[in-house]
J.: 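Before we start, here is the structure in question, set down as structure tokens.
Naming: A, B, ... by sequence-line order, numbering from 1 per chain. Reckoned from all heavy atoms, side chains included, excluding hydrogens, waters and symmetry mates.
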Protein chains: 2
Amino acid sequence: MEKQDLLVRTAFTLFYSRGIHAVGVNLVLAESGVAKKTLYHHFPSKEHLIEATIRYRDHRYRAWLASRLTQVPAGKAPLLEIFNALDDWFNNRVPDLDRFHGCFFINASAEFSDREHAIHQACAEHKTAIAELIRSYVDNLALPDDRAEAITRLIVLLKEGATSMAHVQGHLDAALQAKALLDNALSTEGFVGPGLQGPERNDRML
Amino acid sequence: MEKQDLLVRTAFTLFYSRGIHAVGVNLVLAESGVAKKTLYHHFPSKEHLIEATIRYRDHRYRAWLASRLTQVPAGKAPLLEIFNALDDWFNNRVPDLDRFHGCFFINASAEFSDREHAIHQACAEHKTAIAELIRSYVDNLALPDDRAEAITRLIVLLKEGATSMAHVQGHLDAALQAKALLDNALSTEGFVGPGLQGPERNDRML
DNA sequence: CTCTAAGTAGACAGGTCGGTCTACTTAGAG
DNA sequence: CTCTAAGTAGACCGACCTGTCTACTTAGAG
């Protein structure tokens, strides 16, 4: 594997499990077995390495989620499938995403709290990209634009809440709970209008 | 003011706005004007100071939220009022809580990711305490126990999601969006059963 | 008046931080 | 064969980290 990739992967795993400020470049080098000069040959500073780990995680996470959503029939199913995927992630059934330690982008935003900071903005952009992915599936329901936007934001809200609860409180069933809530909302007149089927019988949790 | 309190308040503000690992004790001392010996007289280590800031924030936050919920009529209103309070917090209309930088406990959990760690556990305990506060208001609706528990968890889910979105993405209206969703859920047959009023007309956002 | 607890300023120790640098070693392209 | 880009190990720099320590000051209790 190319040294640059190796550094980014190693740095990501360390940053994700221990926090970004808590991990020094010397540890990344020791874990990866790469020389310091090589790191600074590819990245002008630790900051750039951090940004590379953000892009790396963004790419992996989006690819994983997008792949999951193509594996179910079109319609409501992909929207609910988001939360099946989250459930797998929380319960460490997705080795590709590393052992669950919450959302890397939420964590990074906590360490780089200033919204003007490049790293915080990169995290926000990831969230926007995820929202756009979700929106593309909501659009398949052929709803009015404002309705589609509201449902997209609802799903994002539930996703963020479930991820946070799973990490901080250890409520590993938060994804399925969010799924049941979404299912109910999607079946309610005020949300998507008549014409969609009722909730999936065996997923009722509320 | 007692030096111990001054240290905790100063440390909290710095930790909250810049991150815990990013702030050294020397900065806390410089900002507070307290001598280093005094800090280590009251706290055996930085770790203990961090734990004190967690307890401090826990106390302040719970007192603020509890106070807000007593200012509306009993019934559904306090549950919706949670999100009015969050909306004020996100938009910096609550000076007592410091300038909004997300949830301090989520942020701290990101920096102390190991769930066995005392600081992470203290954060989880705060969330549990908040959930119990909410639960006490849900109980006023006189619902079956499992229903009440589900609604409590739903509210917590929405609260966490809104807080995270407000911080990372800057969606400062997330609280009102969550409120509208809760309002709808509380009015839906499957959630609390018949007998409760419909959604508040002018808060419909979905 | 005396004793004590809590405070001050700031030097210091041992370690880690991000980052630079020298000197040397590959491996592949022209 | 030669040149270059990318790699190695690791010494080194100044800055900052947590935490300890000396020496002195202050305020209140007995």
J.: What about B:F104 and B:Y61, are their ring centers closer than 6.0 Å?
T.: no
J.: Not counting sequence neighbours, which residues clear side chain to side chain contact (heavy atoms under 4.5 Å, CB included) with A:T128? List them please.
T.: A:E132
J.: Could you state the CG-C1' distance from A:L7 to D:dT8, rounded to the nearest angstrom?
T.: 13 Å
J.: Residues two or more places apart in sequence or in another chain: which of them pass salt bridge (charged side-chain N to carboxylate O under 4.0 Å, His left out) with A:D98?
T.: none
J.: For A:K159, check salt bridge (charged side-chain N to carboxylate O under 4.0 Å, His left out) against everything at least two apart and list the hits.
T.: none
J.: Under the ring pair (Phe, Tyr, Trp, His ring centres under 6.0 Å) test, which residues partner B:F43, sequence neighbours left out?
T.: none
J.: Whole angstrom is fine here: how far is it from CG in A:L6 over to P in D:dA6?
T.: 16 Å
J.: Reading DNA chain D 5' to 3', how would its secondary structure be written in dot-bracket notation, given Watson-Crick and G-U pairs with both distances under 3.5 Å, brackets [ ] for crossing pairs and | for partners on other strands?
T.: ||||||||||||||||||||||||||||||
J.: Once you round it to whole Å, what is the distance between P of C:dA6 and CG of B:D5?
T.: 14 Å
J.: Centroid separation under 6.0 Å, is that true for the rings of B:F112 and B:H120?
T.: no
J.: Starting from P on D:dG7, measure out to CG on A:L29 and report it in whole angstrom.
T.: 13 Å
J.: Residues in ring pair (Phe, Tyr, Trp, His ring centres under 6.0 Å) with B:F15, at least two apart?
T.: none
J.: List in chain and number order the residues that pass side chain to side chain contact (heavy atoms under 4.5 Å, CB included) with A:A110, two or more places apart in sequence or in another chain; answer none if no residue qualifies.
T.: B:N107, B:A110
J.: Once side chain to side chain contact (heavy atoms under 4.5 Å, CB included) is applied, do any residues pair with A:R135, and if so which ones, sequence neighbours excluded?
T.: A:D139, A:D145, A:A148, A:E149, A:T152
J.: Under 4.0 Å from any atom of DNA chain C, heavy atoms only: list the residues of residues 33-46 of chain B that qualify, in numerical order.
T.: B:G33, B:V34, B:A35, B:K37, B:T38, B:H41, B:H42
J.: Not counting sequence neighbours, which residues clear ring pair (Phe, Tyr, Trp, His ring centres under 6.0 Å) with A:H101? List them please.
T.: A:Y16
J.: Using the test side chain to side chain contact (heavy atoms under 4.5 Å, CB included), find all partners of B:V25 that sit at least two apart in sequence or belong to another chain.
T.: B:L39, B:Y40, B:K46
J.: Can you pull out the residues from residues 8-28 of chain B that lie within a 4.0 Å heavy-atom distance of DNA chain C?
T.: none
J.: In whole angstrom, what separates A:Q4's CD from D:dA6's C1'?
T.: 12 Å
